[in-house]
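Let me begin by presenting the structure, written as structure tokens, before commenting on it.
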Amino acid sequence: MTAHARPPHEFDARVTTGLGDANLQRSLNALKGTFIAARGHAVTALPEFEALRDDGKAIKDHTLANLDFYLQRYEEEVVRRGGQVHWARDAAEACDIVRTICREAGARTVTKGKSMVSEEIALNDALEADGLEVIETDAGEYILQLGREAPSHIVMPTVHKTTDQIADLFQKHHGELGFPDRTTDAAELIAQVRTVLRDKYFKADVGITGANFLVAETGSNIIVTNEGNGDLTSTLARVHIVTTGIEKVIPTLEDLSVMLRLLARSALGSEITSYTTLSTGPRRSGDLDGPEAYHVVLIDNGRANMLAGHFREMLRCIRCGACMNHCPVYMSVGGHAYGSVYPGPMGAVLTPMINGHEAAGELPHACTLNGRCQSVCPVKIPLPDLLRRLRHQQWEKKFVSAKVRWGVGAWAWLATKPRLYKLATGAAMRVLGWAGRDKGAFRSLPLASGWTKGRDMPAPQGPTFQELWARRTRP
Amino acid sequence: MTINEAHQRSEQATSSPRVALFVTCLVDLMRPNIGFAAVKLLEDAGCRVEVPRSQVCCGQPAYNSGDFASTQRIAKHVIDTFADYDYVVGPSGSCMATIKTGYPALFEDDAVWHARAVKLAQRSHELMSFLRDVLKATPPQTRMAATATYHDSCSGLRSLGIKDQPRDLLARVRDLKLVEMQDSDVCCGFGGTFCVKYPDISVKMVTDKAANIDATGADMLLGGDLGCLLNMAGRLRRLGKSTRVFHAAEVLAGMADGPAIGEAEERR
């Protein structure tokens, strides 16, 4: 079910699908009134939010500048508390590590908390190939698993689905589990999920979660949820495996309090999530519950490369989703249009870094560089600058189409030849100005179908400013 | 004129800064009227305005396409052209942001050109912010009987912090009522080459924008960037709306007396 980056040439087709999907458009519109408004209120209600953003950025910058130190410290603390830490260079290694742990634990059933990293490494596919029963326990991820779909948002994975679609899905899959009747009542639908999943938690041999943060000083991993499914996943199974990127570590619990205050407000517009779960190692003697074994799989998968170059700032990302909620492109086409695990502005940066430019294709270009994402990012990632730099990489690799290269190249050449430029453009503007005089705008223009498909092209006034200025004559 | 005002004027005259107008390629080609409006506003504020003839484009299309080598060549041309003025002022947040933030970044590995780029960046300003924040000017009052709504263009807003400046200046225009649209700070879908590379997404975005403009009941749309204004005017026209679209400078200078953007001559 996990989405792999799909070929870039499908981007336009996916955009068309997204724009034409009435259900999706309704859902995205609803987001504006809920999460965006809620974030706005939450931020206004906290006078020190700007200062918190600076703190959050500073914490992440400091950690990233000393990442080797904090990861080692984190590992030591996990081991000291009886856990094990595994290092994975890429997705394949990470999946192999998890598969081996499951095999050695004699696992048959695996429960999973929501983890974007597990989507990134296509973990479910790998485990299911081994014959394991994998159960997503986040309600959204559970719905997607039933529908064999990929998430379209990193925080609200099912934002593209309607209640009716979920009702149909549940009727099909829950019919034989004691819920024969179709319902569209949200509370009833959630109650079904709770009942169906309750048994699975107890049956599970292995529980896999991601991590919102890792705290180096205590060796803890932190997950925030609103459903409590993360706690049940991590405490009820015999083995708890944390799959996480190496950039998730922060130094101290004090730092964690800063990051948590930023995260919930940025993601949901709430002060804090219902559950904030710190798990630190396996069950100790005397503990009432907890797993017998505790594993952390620290995954690089392109992150170390980002650390070294211009893209380090992207590693500050805490996966709140604010950038996509505020992105007019994401809000127009939805998450599936991106064709990658991570959608929206952060996805347009991460996908080429993780999967390469060939897989990412158009993504860095499909953005107006309007900067709204950066203005809401809790850790102030300069997403537009990073996207422009990715475009530069694609330009250098000649990934940009010949038509664009030629057009931009010709313009750039002319832009340093003022006399020639004036001759060429002056004549063109006179013709266009004359032709457009009666109507004021063109409904269609040769070579400008991209523009005139959905809007008129206002006609130029005629002579250029430079020509008129030479005569000091207003148009 | 009060004695104070007269004193101020004479002071401005003696210290009148030499300002180069960065026309921007879109204004030069599509709507010279905005250039004349900019000149008038600057001269009214006591500037000596010159228009360097060798100027063309800031290079933003190449910059945002990732063609940094071409952008550097264009940037060097711009830096040379505008090296000798007290200020460089343009009627566009996006072009001036390219000069102010883009150029220094482009030359981060070239100490000589970096220094020159920073020097130009420090003297370069978008028109509205230059009038209000640098000159602290109050343009001569003009009149425009209209209800207008203002679109915040993204580069100006987020790279240069232009939000209140045009509104403050427009508030002085007699009989002009300003009403805020919902999401005035959300991108209109222009995005330079974006609008022709991804026309479907762009049209969706500008359709949302047009709906927000329409919902205000305003009969006029104002903004500070011609690219965005062409995009919104084009969509409004296609939708059959009669909203009149002008650059804020045209209204402030009392030069919104001819056809609006995309309007036919005969309305004059």
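Worth saying up front: this structure is predicted, and the values here are computed from it rather than measured.
- Nearest heavy-atom pair, A/Trp411 versus B/Cys25, reported as atom, atom and distance to 0.1 Å: CZ2-SG, 3.8 Å.
- A/Pro418 places a side-chain heavy atom less than 4.5 Å from the side chain of B/Val56.
- Each of B/Arg73, B/His77, B/Met232 has some count of heavy-atom pairs under 4.5 Å with chain A, and the biggest count is that of B/His77.
- Of residues 380-398 of chain A, those residues lying under 4.5 Å from chain B by any heavy-atom pair are A/Arg388, A/Arg389, A/Arg391, A/His392, A/Trp395.
- Heavy-atom distances place both the backbone and the side chain of B/Ser202 under 4.5 Å from chain A.
- Residue contact with chain A, scored on non-hydrogen atoms closer than 4.5 Å, involves the side chain of B/Val39 exclusively.
- Looking at B/Asn231, both its backbone and its side chain come within 4.5 Å of chain A, counting heavy atoms on both sides.
- Of the residues considered (A/Val333, A/Thr425, A/Val329), A/Val329 shows the highest number of contacts with chain B, using heavy-atom pairs under 4.5 Å.
- At least one side-chain heavy atom of A/Gln25 sits less than 4.5 Å from a side-chain heavy atom of B/Lys204.
- Taking A/Arg443, A/Lys453, A/Arg472 one by one and counting their heavy-atom pairs under 4.5 Å with chain B, the maximum is reached by A/Arg443.
- Between B/Phe36 and A/Thr473, the shortest heavy-atom contact is CZ-O, 3.2 Å.
- Among the candidates B/Ala62, B/Cys195, B/Gly59, the residue making the largest number of heavy-atom pairs closer than 4.5 Å to chain A is B/Cys195.
- Contact of the B/Lys197 side chain with the A/Glu362 side chain is not registered, since no non-hydrogen atoms from C-beta on lie closer than 4.5 Å.
- Side-chain N or O atoms of B/Asp67 include none that pairs as donor or acceptor with a backbone N or O of A/Gly409 at under 3.5 Å.
- To the nearest 0.5 Å, atoms CG (B/Asn64) and CG (A/Leu369) are separated by 5.0 Å.
- Here the straight-line distance linking atom NE2 of A/His310 with atom CD of B/Glu108 works out to 5.5 Å at 0.5 Å rounding.
- Contact record, B/Ser70 with A/Ala412: CB-CB, 3.6 Å, taken as the closest heavy-atom pair.
- Enclosure of atom CZ in A/Arg419 is not indicated, since only 12 or fewer non-hydrogen atoms of other residues, nucleotides or ligands lie within 6.0 angstrom.
- Closest approach of A/Pro328 and B/Val186 over heavy atoms only: CB-CG1, 4.1 Å.
- Contact annotation for A/Lys422: only side-chain heavy atoms (C-beta onward) come within less than 4.5 Å of a heavy atom of chain B.
- In this structure, B/Leu21 and A/Trp469 have side chains that are not in contact, with every pair of non-hydrogen atoms separated by 4.5 Å or more.
- Between chain B and the residues A/Gly462, A/Gly371, A/Ala366, the largest count of heavy-atom pairs under 4.5 Å involves A/Ala366.
- Shown here for A/Thr368 and B/Cys187, the closest heavy-atom pair between the two residues is OG1-SG, 3.2 Å.
- The two atoms that bring A/Leu19 and B/Ile201 nearest to each other are CD1-N, 4.1 Å, heavy atoms only.
- Interface check for chain A: of the options B/Asn33, B/Val27, B/Leu229, the most heavy-atom pairs under 4.5 Å are formed by B/Asn33.
- The local environment of CZ in B/Arg53 is sparse, with at most 12 non-hydrogen atoms from other residues, nucleotides or ligands closer than 6.0 Å.
- Most heavy-atom pairs under 4.5 Å with chain B, from the set A/Leu414, A/Thr452, A/Thr16, A/Val404: that is A/Thr452.
- One finds the CG atom of B/Leu29 at 4.5 Å from the CE atom of A/Met429 (value rounded to the nearest 0.5 Å).
- Using a 4.5 Å cut-off between heavy atoms, A/Ser375 contacts chain B through its side chain alone, with no backbone atom that close.
- At a threshold of 4.5 Å between non-hydrogen side-chain atoms, the residues A/Glu467 and B/Pro32 do not count as touching.
- Summarising the geometry, atom CZ belonging to A/Arg455 is positioned 12.0 Å from atom CG belonging to B/Leu236; distances are rounded to the nearest 0.5 Å.
- The distance from atom NE2 of A/His326 to atom CG of B/Asp185, rounded to the nearest 0.5 Å, is 9.0 Å.
- In this structure, chain A has a heavy atom under 4.5 Å from the side chain of B/Arg158, while its backbone stays farther away.
- Counting heavy-atom pairs closer than 4.5 Å to chain A, the top-ranked of the candidates B/Leu26, B/Val23, B/Leu157 is B/Val23.
- Separating the CG atom in B/Asp183 from the CE atom in A/Met331 is a distance of 10.0 Å, to the nearest 0.5 Å.
- Shown here is B/Lys163, whose NZ atom has more than 12 heavy atoms of other residues, nucleotides or ligands within 6.0 Å.
- Contacts between A/Trp451 and chain B at a heavy-atom distance below 4.5 Å involve backbone atoms as well as side-chain atoms.
- Of all the listed residues (B/Ala260, B/Cys154, B/Ala210), the one sharing the greatest number of non-hydrogen pairs under 4.5 Å with chain A is B/Cys154.
- Of the two parts of A/His365, the backbone and the side chain both hold a non-hydrogen atom closer than 4.5 Å to a non-hydrogen atom of chain B.
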